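Below is one structure, written out as structure tokens; comments come after it.
These values consider heavy atoms only, across backbone and side chains, with no hydrogens, waters or symmetry-generated copies. For clarity, every value in this text was computed on a predicted model and none was experimentally measured.
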Amino acid sequence: MLAHARALLADNDTTTVIQADAADPEAILQHPETRRFIDFDQPYAVLLSAILHHLPDERNPVGVARYIKDQMPPGSYLLVSNFLDDDDPRAKMMEEQMAAKVGTGRFRTWAEQREFFDGLEMVEPGLVYANDWRPDEDTDVNGAWTTFTAGGIGRKPLLTVGSNSSSR
């Protein structure tokens, strides 16, 4: 896949691809290609869409999100979407099937999902079922997967007067 992505992007000077472990955000953010594209002194957004549920608790997905948030300058955004266990008995069954067929796929509770956004100001409508996040007329809000995916966007608060700018 990496070779194919690099071939597709060979003539594109606004996009890049790197190979890294999602559980090692420092390697991702410090990678020369990442640093070439992102001005880390200006607000930016990180999209962790369908990523963290592939990290089991032992690989510390909350720590991954925390490291990323700590590196972001104020005004930056973090999007997280993951499999959700909201006490629907089908969630445990789906989690077992994902583990058996894909090898990963941790369904986390609402409380576990909220941990990814600690310290951020939530953008409305907050952490919700993914299909309820600003749906349009084409969004299926009653589909089979509607209650199995949660998502939200948080914004790192702006510094206030007298704040220490080295809080990153």
Side-chain angles (χ1 to χ4, degrees), residues 1 5 15-29 34 37-38 40 42-158 167-168:
M1 274 177 66
T15 309
T16 192
V17 61
I18 65 169
Q19 181 174 358
D21 182 346
D24 186 2
E26 182 176 9
I28 295 168
L29 294 179
T34 305
F37 278 87
I38 298 173
F40 286 92
Q42 297 296 317
Y44 57 89
V46 174
L47 310 179
L48 295 176
S49 182
I51 299 291
L52 297 176
H53 58 230
H54 290 295
L55 297 180
D57 296 341
E58 303 79 51
R59 301 215 51 216
N60 196 11
V62 171
V64 168
R66 184 180 312 110
Y67 180 86
I68 291 169
K69 291 181 297 186
D70 288 348
Q71 301 309 303
M72 297 171 118
S76 294
Y77 290 87
L78 176 67
L79 175 143
V80 177
S81 68
N82 287 298
F83 293 142
L84 173 68
D85 178 356
D86 70 346
D87 291 328
D88 182 327
R90 298 175 301 162
K92 286 293 181 212
M93 181 183 69
M94 293 298 296
E95 184 175 46
E96 290 169 7
Q97 289 179 2
M98 289 291 295
K101 294 180 180 178
V102 179
T104 63
R106 170 83 157 74
F107 284 55
R108 292 187 169 87
T109 65
W110 286 110
E112 290 172 312
Q113 304 278 349
R114 280 190 285 277
E115 290 182 66
F116 297 126
F117 297 100
D118 282 351
L120 301 180
E121 300 167 340
M122 295 304 293
V123 174
E124 288 297 324
L127 178 62
V128 297
Y129 293 122
N131 284 7
D132 289 343
W133 215 96
R134 300 187 180 177
D136 61 21
E137 63 277 353
D138 297 323
T139 303
D140 183 1
V141 294
N142 296 309
W145 276 86
T146 298
T147 62
F148 293 132
T149 311
I153 298 176
R155 181 174 182 255
K156 189 165 183 177
L158 295 173
S167 63
R168 279 196 289 150

Distance check, rounded to the nearest 0.5 Å: K156 atom NZ versus Y77 atom OH? 14.0 Å

As an exercise, state the distance from CZ of F116 to CG of L78, rounded to the nearest 0.5 Å. 9.5 Å

How many angstroms lie between atom CD1 of I38 and atom OH of Y44, to the nearest 0.5 angstrom? 6.5 Å

So which pairs with a foot in residues 74-89 pass salt bridge (Lys or Arg N to Asp or Glu O under 4.0 Å), sequence neighbours left out? D85-K92, D88-R90

Does the side chain of P125 reach to within under 4.5 Å of the side chain of R134, using non-hydrogen atoms? yes

Answer yes or no: is there a side-chain heavy-atom contact under 4.5 Å between F117 and M122? yes

Evaluate whether atom CD of E121 has more than 12 neighbouring non-hydrogen atoms of other residues, nucleotides or ligands under 6.0 angstrom away. yes

Would you name the heavy atoms of H53 and S81 that are closest together and state the gap between them? ND1-O, 4.4 Å

Distance (rounded to the nearest 0.5 Å) between E95 CD and F148 CZ: 11.0 Å

What's the separation between atom NZ in K69 and atom OG in S76, rounded to the nearest 0.5 Å? 13.0 Å

Nearest heavy atoms of V141 and P135, plus distance in Å: CG1-CB, 4.0 Å

E124 backbone acceptor or donor facing W133 side chain under 3.5 Å: no

Exactly one of L127, L47, L79, V80 should register a side-chain contact (heavy atoms from CB on, under 4.5 Å) with I153. Which one does? L79

Mark yes or no for whether Q113, through its side chain, and F83, through its backbone, hold a donor-acceptor pair below 3.5 Å. yes

Shortest non-hydrogen separation from P25 to I68 and the atoms involved: CB-CG1, 3.8 Å

Of all heavy-atom pairs linking L48 and L52, the shortest is CD1-CD1, 3.9 Å

Any chance you could measure M98, atom CE, to T104, atom OG1, to the nearest 0.5 Å? 6.0 Å

Please give me the minimum heavy-atom distance between A150 and W110, naming the atom from each residue. CB-CZ3, 3.8 Å

Side chain to side chain, T149 and N131, heavy atoms closer than 4.5 Å: no

One pair to check against side chain to side chain contact (heavy atoms under 4.5 Å, CB included): L84 and T147. What are the steps and the verdict? CA-CA 7 Å; L84 173 68; T147 62; 5.7 Å; no

Please, which pairs that meet salt bridge (Lys or Arg N to Asp or Glu O under 4.0 Å) have at least one residue in residues 50-62, sequence neighbours excluded? D21-R59, D57-R106, D57-R108

Starting from the C-alpha separation in whole Å, work towards a yes-or-no answer on side chain to side chain contact (heavy atoms under 4.5 Å, CB included) for F40 and T34. CA-CA 10 Å; F40 286 92; T34 305; 3.9 Å; yes

Taking every heavy atom of T146 against every heavy atom of Y129, the minimum-distance pair comes out as O-CD2, 3.5 Å

